[in-house]
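These notes concern the structure reproduced below.
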Amino acid sequence: MTDVINFEEKGGIGVITINNPPANAISFATRKGLSQYLKACMNDEDCKAVVITGEGRIFVAGADISEFGKETPEGVPELEDLIQDIEQSPKPVVVAMNGLALGGGMELAMSCHYRLAAPTIEVGQPEVNLGFIPGGGGTQRLPRLVGVELALEMIVIGKPIDAKRAFEAGAIDEIVEGDLLARAIEFAEEKADSGQEPRRTSELNEKVTNIDPQIFEDWRKKIAKKSRNMESPFECINTVETSTTMDFKAGLENERAVFVRLRDSNEAKSMRYMFFAERTVAKIPDIPKDIPIQKINKSAIIGSGTMGGGIAMNFANAGIPVVVVDVDQVSLAAGLEKVRNNYAGSVSSGRIMQDNMDKCLNLISGTTDYKDIADVDIVIEAVFEDMDLKKKIFTELDKVCKPETILASNTSTLNINEIASVTKRPDKVCGTHFFSPANIMKLLENVRTEKSSKATIATIMGLAKIIRKTGVLVGVGDGFVGNRMLHISARIAEFMVEEGALPWQVDKVIYDFGFPMGPFAMNDLAGVDVRFLIRQEQKKLYGSRRQSVIIDRVYETGRYGQKTSAGWYKYADGIRKGEPDQIIEDLIIRTSAELGYERRKFSNKEILETYLYSMINTGAKVLEEGLAIRSSDIDVIWHYGYGFPRYWGGPMFYADLIGLPEVYKKVCDLNKKYGDWVEPSNLLKRLAEEGKGFKDFQFV
Ligand code: NAI
């Protein structure tokens with residue numbers, strides 16, 4: 001027995017069990033062990049057939065990606081060679097898939113001659129989510145088993161399918177309700193005794209013969225927009241296509257070459273990084289994993305406006321009763337009506353079923369009386385952005401709610417330390433900063449105040465998971481992490497417009513980089529008036545710095561964005577995509593003249609660097625001030641809150657890819673142009689000088 005493989009001989013059948021918890025990942029050790037036992041079975045005259053299975057609830061969740069980029073140690077076969085050896089085995093090899101089979105796990109299963117599975121399993125090729133393609137024959141064997149259309153769906157989208165679908169499509173021979181291993185051994189015995197040549201997937205050519213190449217063209221078109229700038233989804237299509245145009249061996253060789261190239265690409269590095277970043281985000285250095293967290297059985301939301309209604313839906317969707325409070329019946333009824341309409345929209349578009357909507361609505365109740373929320377476990381306040389009002393509400397909540405209730409604010413700019421100070425339980429006060437639309441956006445910035453207890457923080461981090469959000473812990477500060485960075489970059493974008501660029505040029509550059517939209521289109525979505533009001537507040541803090549005059553001028557025209565069918569862009573009725581507008585161009589030109597700027601040309605490169613490097617510099621400040629625990633948390637915020645393209649890994653990882661000396665140099669240039677808005681971060685300077693990256697820094 002090796003430490004990751006168990007072996008047993010059962011009546012002439014060699015049973016190889018992968019035992020590499022938690023995911024039975026195919027590591028160097030797993031490959032070595034599998035290969036050794038396979039060879040032993042081949043050399044053992046008494047062994048008629050082999051069964052491969054996994055210990056625990058997972059068969060094999062994939063390759064061990066932490067070993068990517070490392071040299072394969074002596075004596076360890078490459079996965080594709082191991083897979084070839086299994087398929088070429090003269091003795092039948094049966095896989096008993098006890099659980100999830102993903103990536104290399106699925107490829108291993110497909111190299112076995114027969115596949116048996118427990119009814120609850122899923123199988124898939126999710127490599128594309130990590131920026132590369134299957135590299136162990138998946139692009140060649142899967143279409144031979146399930147046909148080209150389903151193989152494309154599984155490989156290009158990367159979403160697993162369940163056992164029933166896999167069985168119907170031909171990827172599984174038998175679904176075993178009872179004792180899977182016993183049945184697999186029996187099955188292997190039958191095959192061995194039959195004397196038949198084992199069935200090899202690579203020889204099954206029927207489903208890849210005479211395939212219309214239009215299928216592949218259609219898929220390329222289908223993913224073009226969503227996968228722009230990416231290589232891996234398109235290479236998934238190309239390699240599956242080769243299963244229909246090349247013989248198996250050539251297809252395999254081609255797959256291997258593409259796999260190796262993509263595995264080492266920036267796209268794959270970034271996506272692999274994000275995979276780990278998402279898993280690290282929940283780790284809070286001073287909060288032990290086993291800290292007792294509060295159970296959330298019932299919740300309340302104060303304010304049934306844009307955010308309150310959406311936040312309430314999150315709780316109802318997770319099966320948690322939620323009481324919504326508003327000042328009067330009229331506001332409450334209007335808020336609840338919006339929630340109802342929101343659910344109804346999801347039913348009519350087929351995203352949820354009617355009984356689902358009914359269940360959720362039954363969990364949401366409304367009141368205007370604070371006494372009705374005395375027994376809830378958490379309150380999230382989402383009233384107007386007004387410090388005095390919030391303090392009044394927290395004083396009241398502190399009085400009526402049971403002593404254990406956590407009191408959270410959804411404020412986007414106010415100081416939560418100050419809000420907490422009016423209560424007798426500042427340890428139970430924190431921020432839960434949702435993003436709009438709150439029922440859809442995945443990001444939740446959880447805000448730790450000076451006095452929030454560890455149990456409170458652990459509870460809201462746990463809450464994020466319960467309501468299916470990505471929770472990132474941040475500290476109290478203007479705009480917390482995401483909006484602080486956004487507002488500076490958006491401001492700088494406005495300066496560029498004042499000096500010679502146009503909003504649609506800036507937006508196109510940012511869109512082409514991979515964001516869902518640029519800062520001006522985003523502003524039209526969120527409201528020009530909202531940004532204007534934030535700027536008015538910020539003047540109190542940063543009045544001596546350069547101010548954006550163009551936002552004032554647009555605001556003065558009453559063009560508030562999509563809600564008024566005009567903002568930076570003009571909008572045709574019911575169309576959310578804006579058109580460039582001569583009126584705005586004229587207004588911009590007049591504003592440049594007013595400010596005394598002779599308009600100049602901005603190259604796309606200058607726009608991109610100015611926008612991103614000012615964002616990165618602010619991110620470095622956020623880090624050095626301890627508002628984020630680590631740079632990868634900032635990257636998670638930017639991916640889930642603002643759609644920073646995953647294949648660039650987030651602003652901080654992108655900076656590491658570029659190299660901090662280069663970023664620092666450009667930031668110093670920007671500082672000369674834009675003053676204190678881009679005052680170079682000390683941390684950025686230090687890391688650049690030491691030849692390090694943001695990834696090397698963690699706030700302690
Ligand atoms: P909103 O104006 O849509 O809704 C506010 C609601 O609070 C209204 O229904 C109002 O009747 C109610 N309200 C006012 N006083 C109240 C009281 N004493 N008791 C109970 N309810 C009361 O505001 P919105 O946009 O939902 O913002 C709420 C909070 O969320 C603000 O702090 C805002 O900064 C923050 N936020 C807003 C985001 C957005 O995109 N709108 C994004 C993230 C945070």
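None of the values given here were measured: they were computed from a predicted structure. The figures here come from the full heavy-atom set of this structure, side chains too, leaving out hydrogens, waters and symmetry mates. One-based numbering, in listed order, for ligands and for the atoms of each.
Between Lys390 and ligand 1, an N or O atom pair is found at a separation short of 3.5 Å.
Summary of contacts: the protein heavy atom closest to atom 35 (C) of ligand 1 is Asn410 O, 3.4 Å. The protein heavy atom nearest to atom 14 (C) of ligand 1 is Phe384 CE1, 3.6 Å. The protein heavy-atom contact nearest to atom 4 (O) of ligand 1 is Gly305 CA, 3.3 Å. Annotation: atom 19 (N) of ligand 1 to nearest protein heavy atom, Tyr370 OH, 3.0 Å. Shortest contact from atom 29 (C) of ligand 1 to any protein heavy atom: Val383 O, 3.2 Å. The protein heavy-atom contact nearest to atom 43 (C) of ligand 1 is Phe434 O, 3.2 Å.
Interface atoms of ligand 1 facing Ser412, defined by a heavy-atom separation under 4.0 Å, are 33 (C), 34 (O), 35 (C), 36 (N), 44 (C). Ligand-side atoms of ligand 1 in range of Thr306: 3 (O), 25 (O), 26 (O), range being under 4.0 angstrom from any heavy atom. Under a 4.0 Å criterion applied to the non-hydrogen atoms of Ile302, ligand 1 contributes the atoms 19 (N), 20 (C). The Ser436 neighbourhood of ligand 1 comprises atoms 40 (O), with distances under 4.0 Å to a heavy atom of that residue. The atoms of ligand 1 that sit less than 4.0 Å from any heavy atom of Gly303 are 6 (C), 7 (O), 12 (C), 21 (N).
Residue-level proximity to ligand 1 for Ser331 is carried by the side chain, the only part with a heavy atom below 4.0 angstrom.
When Ile380, Asp326, Thr413, Thr411 are checked for heavy-atom proximity to atom 9 (O) of ligand 1, Asp326 turns out nearest. Among Asp386, Val327, Leu389, Val324, the residue whose heavy atom lies nearest to atom 17 (C) of ligand 1 is Val327. For atom 39 (C) of ligand 1, the candidate residues are Glu396, Lys392, Met307; the nearest heavy-atom contact is made by Met307.
Not a single heavy atom of Gly335 sits less than 4.0 Å from an atom of ligand 1. Residue contacts with ligand 1: Phe480 is excluded, as none of its non-hydrogen atoms falls under 4.0 Å. Using 4.0 Å as the threshold, His433 has a heavy atom nearer than that to some atom of ligand 1.
Asp635 and Tyr654 are not linked by any side-chain donor-acceptor pair at a separation below 3.5 angstrom, with hydrogens and angles left out of the test.
The residues Arg546 and Glu494 are annotated as not salt-bridged, no charged nitrogen and carboxylate oxygen being separated by less than 4.0 angstrom. The pair Glu381-Lys390 meets the salt-bridge criterion, since a charged nitrogen lies less than 4.0 angstrom from a carboxylate oxygen. The pair Lys391-Glu418 meets the salt-bridge criterion, with a side-chain N (NZ, NE, NH1 or NH2) lying under 4.0 Å from an Asp/Glu carboxylate O. For the pair Asp633 and Arg630, the salt-bridge criterion is met [side-chain N within less than 4.0 Å of a carboxylate O].
Shown here is Lys442, whose NZ atom has more than 12 heavy atoms of other residues, nucleotides or ligands within 6.0 Å.
Side-chain atoms of Tyr613 and Leu670, non-hydrogen and from C-beta on, do get closer than 4.5 Å to each other. The closest side-chain heavy-atom distance from Gln505 to Lys508 is not below 4.5 Å.
Not a single protein heavy atom sits closer than 4.0 Å to atom 23 (O) of ligand 1.
No donor-acceptor pair under 3.5 Å is formed between the side chain of Thr423 and the backbone N or O of Asp398. Remark: the backbone N or O of Val327 is not paired with any side-chain donor or acceptor of Ser331 at under 3.5 angstrom.
With sequence neighbours excluded, no residue satisfies salt bridge (charged side-chain N to carboxylate O under 4.0 Å, His left out) with Lys295. Taking Tyr569 as the reference, Trp504 meet the ring pair (Phe, Tyr, Trp, His ring centres under 6.0 Å) condition, with sequence neighbours excluded.
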